There are 2 protein chains.
Amino acid sequence: MKVSVVKNILAANDRLSQENRELFDRNSVFVINLMSSPGAGKTSLLEAMGRELGERLRIAVIEGDIQSTLDAERIAATGLQAVQIETAGVCHLDANMIRSSINDLDLAALDLLVVENVGNLVCPAEFNVGEHRKVMLLSVTEGDDKPLKYPLMFKESQVLLISKTDLLPYVRCDLEKIKEAARMINPQIRIFPISTYTGEGLAEWHNWLLEQAGQPSS
Amino acid sequence: MKVSVVKNILAANDRLSQENRELFDRNSVFVINLMSSPGAGKTSLLEAMGRELGERLRIAVIEGDIQSTLDAERIAATGLQAVQIETAGVCHLDANMIRSSINDLDLAALDLLVVENVGNLVCPAEFNVGEHRKVMLLSVTEGDDKPLKYPLMFKESQVLLISKTDLLPYVRCDLEKIKEAARMINPQIRIFPISTYTGEGLAEWHNWLLEQAGQPSS
């Protein structure tokens, strides 16, 4: 009974997700679903994207938070357009929430839409929102055993950003072990080690985004 | 409809949780539900408890993981008794899972039972498992805005361990801001800043545990 309810919820979500995707395609906007544990650096990444790509791509952010508008305020400060979803306790964004918030955006005037999911390494991976690509962050402070312990998000994502590499000297974390485990779960996953603090890896990540959004990379 | 299903699930969980709690009380075992984001240091904390308290308290751990038995192996290596629950994708432990795993433990021979929940700062806070106290970790690498963004776990927990304080010099995180925000949400919350790397704060945390488990503190 419980299982069939869950299945129905996921099937309904997939239908709505497909409708969102068609809407994005009609408007030629490239959409990523950005996911990670709390505090892995999603919002800092968006701040860097605002600074570095804001002149070349028309970017908007749908900001998912359980409570508070702190992140939307940080995003808006970079000049990117930000729409806030407060989930009121729900641990992930779903296609219906995205559908409702799209009305606040002029999709035809966008190149890139980033859906910043709720900080949670588990549940968001189960819910498509209509995105073209799932992009996840794992910070080096979380430890190199995480792909094996939380495999679904690594399996579902097309890109893994290994964040906070500036902290590698101070933590017990083997970068190669993360890459190896992630590729064991998902051989096709693209991996970019990055630090928004030192700037390491951001150029490669931004070039990937420019290519995906149909712009010549620098 | 969806809401009423969720309500029924939570009500059923609360009934089972109450039964678990009565079982724990009959056997005079003190039970904590240990929760945090992935990689905040739950298992390292248990390793330290095994080293420092293993001679004074009879401790067992119920280890919740979505997949893998990596943590149970780490715990067993410290000499503590460990029982593994693999949730097969489920993002939290519930009272029924704990009930099933209790059969593998001799409760009458224990002083302290630690339920190490799935790494997730959201969902575990909604499900009582029969614990006497909820104890959460927040690592300083997650950032000082987390109490305001993920308030439920801070509200439900009796103890907040602020972990990885050895990394404070390298991250943008204000310890006082975490404490202030946590106390705004939950004025009664006990807060221990700790580092399993330097040992900071562990004596205070272990004394609290000894007191709660009815042993004289050192």
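Below, all heavy atoms of this structure are taken into account, side chains as well, without hydrogens, waters or symmetry copies. Source: prediction; values computed, not measured. Order of the sequence lines fixes the chain letters, A, B, ..., with proteins taken first and strands second; residue numbering starts at 1 for each chain.
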Shortest non-hydrogen contact between A:Gly119 and B:Val122, atoms and distance = O-CG2, 4.1 Å
ask   = In terms of heavy-atom proximity below 4.5 Å to chain B, should A:Leu70 be classed as side chain, backbone, both, or neither?
value = side chain
note = To the nearest 0.5 Å, atom CG of A:Asp145 lies from atom CZ of B:Arg74 at 6.5 Å
task = To the nearest 0.5 angstrom, please state how far the SG atom of B:Cys91 sits from the NE2 atom of A:His92.
result = 9.5 Å
ask   = How far apart are the closest heavy atoms of A:Ser68 and B:Lys149, and which atoms are they?
value = OG-CG, 3.6 Å
request  = Tell me, for A:Tyr150 versus chain B, whether the close heavy atoms (under 4.5 Å) come from the side chain, the backbone, both or neither.
outcome  = side chain
inquiry  = Tell me if the CD atom of A:Glu19 is crowded by more than 12 foreign heavy atoms within 6.0 Å.
reply    = yes
A:Glu200 CD: over 12 foreign heavy atoms closer than 6.0 Å = yes
request  = For chain B, find which of A:Gly143, A:Pro151, A:Ala40, A:Gly41 contributes the most heavy-atom pairs closer than 4.5 angstrom.
outcome  = A:Pro151
Least distance between heavy atoms, B:Glu126 atom then A:Gly89 atom = OE2-O, 4.2 Å
ask   = A:Asn120 versus chain B, heavy atoms under 4.5 Å apart: side chain, backbone, both or neither?
value = side chain
remark   = Honestly, the part of B:Asp65 sitting under 4.5 Å from a heavy atom of chain A is side chain
remark   = Answer key: most heavy-atom pairs under 4.5 Å with chain B among A:Leu138, A:Leu121, A:Asp71 is A:Asp71
key: B:Pro38 portion near chain A, given a 4.5 angstrom heavy-atom threshold   = both
Spacing of B:Thr69 atom OG1 and A:Leu148 atom CG [to the nearest 0.5 Å] = 10.5 Å
